[in-house]
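Here is the structure we will look at.
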Amino acid sequence: MENLLSVKNLRVEIPLAAGQLLPVRGISFDLKKGETLCVVGESGCGKSLTSLAIMGLLPKIAQRKADRLEFAGKDLTGLSERQMSAIRGNDMAMIFQEPMTSLNPAYTIGNQLMEGLIRHKGVSRSTARDRAILLLEKVGITAAASRLPQYPHQLSGGLRQRVMIAMSLMCTPDLIIADEPTTALDVTIQAQILRMIKELQAELGMAMIFITHDLGVVARIADKIAVMYAGTFVETGTAEQIFNAPMHPYTKGLLSCIPVPGKTDRGSRLGSIPGIVPSLIGGIDGCGFRSRCPYAQDACATEPTLTDRESGHTCRCIHEASKLKALTWEVA
Amino acid sequence: MLHFFLKRLALAALVALTVSLISFSLLFLAGDPAIALAGEGATDADIHAIRTQYGFDRPVMEQYLFWLKNALAGDFGTSYYFKTPVINLIAEKMPTTMILGLSAISFAILLSIPLGVLAAVKPNSLFDRIALFISVIGQAIPSFWFGLILIVTFAVKLRWVPVSGSDSWQHFILPTIVLGYYATPAIMRLTRAGMLEVLRADYIRTARAKGIRPGKVLFKHALRNAVIPVVGLAAVQLGFMLGGSVIIESIFALNGAGFLAFESISRNDFPVVQALILIFSLIYVLLTLLADLLNAWLDPRIRVA
């Protein structure tokens, strides 16, 4: 099947007084129609900036560079803000992490839901209104019509995130980028929203990039997973490959941090990977994880490349696949 | 919304009542009004006669209530100087001042809000610096001097506009610019600061993510939120302008209420001064009320308060 989104060597550069900050340092991946890619990584690893870079929504100070950034056969790298705005919301949409602040306090829910559809599809207000009501119902909001004249401050966080999701679906985009859509919500709501996103995605046949730091979430929704560390993907593969046979020491560390009922002793400390992420200003010498990795060797001082180890399962590490699989790392 | 409106209206009425008491009391601020009115060399008998004639011998509270009752009916007494009803004098002069005030605030808003928005879109750019420069100048130049410079340049040398008077709309151009320019810097800087903050907000990113056109993001999504504090400021500025028109009106010989106030103060014409202060204050209270209502319309979160 043809690729909906093709990204090659995507980089983000932010000039700072202290030097060039490189929060995203060469991301490549392809996404097919209807597929879900989960990008996992800890805070500050460049997940959000990657998604903003694809959408063309980076802060002004940041520069986007890419060898290829193709969406539905169109090259996005050379598009102006105006041309990009015709694609955003229409063909690719985004759900943000902060439902409390992502809606404009001065306009009604209805106005904000409808404006994108009216702008992109040129439909009448009443058509847009019908679609808004339909989608509000789809995201599980009762008495949807009566919500339209309400303002964001009249809704709870969970409701606002549902509105945000409905808003992203208004034009039936081919790609949804969800940047930690459930992080700001409490756990019971999280599960509902996740299930709903997954169902809607299947129903509407959309591809999705789902960004999260929560591996529990990833397990429920991912087709493909990319583990991100210090601005690069360190391991990519199918959900099965990553969960059943993780290779990269960082992935292994992350997975062993998840407390397992019955295995993890009650009252014991939660695991964490020791050490800190290297500074993202300027270049990183060798493997970015080597200062925290128990298997680091002298050879790690040269930067390893992301290579295919078996049937699409890639890993950025100097060690052999067979050796990596055999390694066990229980973080303390 | 109705509840909000009634609450604000009641507050405004209370403020107006307080203001009326203060403006009435001004009469006694400069000492015994009877002595002031009688003038130099008046005998005790003259002073006493004036005191009885104008009712200054009655208790202050009684005088106030009497004055208030008449004022509510539109009767502010008779001018000591012109010997005509104060209300007629004011009705004759007020339109000039109102036209000047409204055109000046319109000029200020139409100039400063677009400048503020554009300065915020490209902060620290050349445009932003020029806008800052213009605003610093506006704040620094005394308006009487600026007015004279404009008269010399555009009326005397270039002869584009008349020098002074209030016969046609052309007469209002220079005074509008002088009075409006004074309010421009504050409104522009506040718009700029508000826009800078709002443009960083998550909902602006959301609007862009929806593919809303850049201009609409700026003027629909950002400006409406950024302009909320500006509304209050503009109302206050308009109030100041009506007061400040005293100077502008004398420079351009616009025969308005400001000029009348200035002259009446120097003539000890208390009924006129009292009435003008009350009316200007009431306009001010009304403007504040209007600003509150406009803000409630702009920002739905205010409506509950």
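Lettering follows sequence order; numbering is per chain, from 1. The structure presented is a predicted model; accordingly, all values stated were derived computationally and were not measured. Excluded from the calculations below are hydrogen atoms, water molecules and symmetry mates; all remaining heavy atoms, backbone and side chain alike, are included.
- When each of B:I204, B:I212, B:D299 is scored by its heavy-atom pairs under 4.5 Å with chain A, the top score falls to B:I212.
- In this structure, B:I247 places its CD1 atom where only 12 or fewer heavy-atom neighbours from other residues, nucleotides or ligands lie under 6.0 Å away.
- Between the side chains of A:E115 and B:H221, at least one donor-acceptor pair of N or O atoms lies under 3.5 Å.
- For a residue to count as touching a neighbouring chain, one of its non-hydrogen atoms must lie under 4.5 Å from one of that chain's; by this rule A:L57 touches chain B with backbone and side chain alike.
- Although no hydrogens or angles enter the test, the distance criterion places a donor-acceptor pair under 3.5 Å between the side chain of A:Y107 and the main chain of B:K220.
- The two residues A:G56 and B:R208 have their closest heavy-atom pair at O-NH2, 3.6 Å.
- Neither the backbone nor the side chain of A:I177 comes within less than 4.5 Å of any heavy atom of chain B.
- Counting only heavy atoms from C-beta outward, the side chains of A:N104 and B:N225 approach each other to under 4.5 Å.
- Residue A:K121 places its NZ atom among more than 12 non-hydrogen atoms of other residues, nucleotides or ligands, all under 6.0 Å distant.
- Ranking A:M84, A:M92, A:H120, A:Q154 against chain B, the residue ahead of the rest is A:H120, based on heavy-atom pairs under 4.5 Å.
- The part of A:M167 that comes within reach of chain B is its side chain, from C-beta onward, which places non-hydrogen atoms under 4.5 angstrom from that chain.
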>> Between A:Q97 and B:D202, does the side-chain contact (heavy atoms from CB on, under 4.5 Å) criterion hold? Intermediate values first, please.
In response: CA-CA 10 Å; A:Q97 191 176 352; B:D202 288 336; over 6 Å; no

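- Looking at B:K210, its side chain does come within 3.5 Å of a backbone N or O of A:Q112 through a donor-acceptor pair.
- Chosen from A:A93, A:P152, A:G89, A:C171, the residue pairing most often with chain B at heavy-atom distances under 4.5 Å is A:G89.
- Looking only at heavy-atom pairs under 4.5 Å with chain A, the residue among B:A201, B:A207, B:P214, B:G211 that has the most is B:G211.
- Counting all heavy atoms, side chain and backbone alike, A:P105 lies closest to B:P300 at O-CG, 3.0 Å.
- Around OH of B:Y182, the count of heavy atoms belonging to other residues, nucleotides or ligands within 6.0 Å does not exceed 12.
- Only the backbone of B:L298 comes within contact range of chain A, with at least one heavy atom under 4.5 Å from a heavy atom of that chain.
- Between B:R205 and A:E98 there is a salt bridge, since a side-chain N of the basic residue sits under 4.0 Å from a carboxylate O of the acidic one.
- By the 4.5 Å heavy-atom criterion applied to side chains, B:V217 and A:E81 are not counted as neighbours.
- Counting only heavy atoms from C-beta outward, the side chains of A:F96 and B:T206 approach each other to under 4.5 Å.
- Heavy atoms of A:M170 lying under 4.5 Å from chain B are absent altogether.
- In this structure, chain A has heavy atoms under 4.5 Å from both the backbone and the side chain of B:R213.
- Of the two parts of B:A209, the backbone and the side chain both hold a non-hydrogen atom closer than 4.5 Å to a non-hydrogen atom of chain A.
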